[in-house]
Structures are given as C-alpha cells and as structure tokens.
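Report on the following structure.
From a predicted model like this one, the values you see are computed outputs, not experimental measurements.
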Amino acid sequence: MLKNIFVTGTARSGKSVLVSNIYEHYKKYEFFTSVLNLDPDVKNLPYNCDIDIRKYVWTLQ
C-alpha cells in the first residue's frame, strides 16, 4: 500500500526538521522512503533528497 505525506507551511516553521525526523523514523523500520524538495530557495537541508527542485530551477539570490 502506498502512503504519501505532504508537509507544507510558512517559511521557518520547521518543515525541514519535521521531514528529517519522519525520514529517520521510516528508515529505522526499513520502510521505503523517497524525499522530494520543492523549495528552490532553501539553503541547506538536514537530509538528502531523492529529487531536489534546486537542480532544475535557477533562482536570483
């Protein structure tokens, strides 16, 4: 059975920390996980993304 978790929220609300903890929990119990980052302006993430929009979108900084 496929289950999805989508995490949304305002800037600096703790989304990355939440996703990192969920990811570690699922990996601990050996569930299949795949992480997608859709924020092109994020500077660093506490986890590795399987798909990272920053590779495909150029942003002005």
Inset, instruction - Show which residues join V7 in its hydrophobic cluster (side-chain heavy-atom contacts under 4.5 Å, direct or indirect), or state none. - result: I5, L18, V19, I22, Y23, Y26, Y29, F31, V35, V42, L45, Y47
Inset, instruction - Would you mind listing the cluster partners of Y56? Hydrophobic ones only (ILVMFWY), side-chain contacts under 4.5 Å, chaining allowed. - result: none
Legend entry - Pairs touching residues 44-55 that satisfy salt bridge (charged side-chain N to carboxylate O under 4.0 Å, His left out), sequence neighbours left out: D52-R54
Inset, instruction - Answer yes if I53 and I51 sit in the same cluster of Ile, Leu, Val, Met, Phe, Trp and Tyr residues linked by side chain heavy atoms under 4.5 Å apart, and no otherwise. - result: no
Legend entry - From H25 atom NE2 to T33 atom OG1, the distance as rounded to the nearest 0.5 Å: 11.5 Å
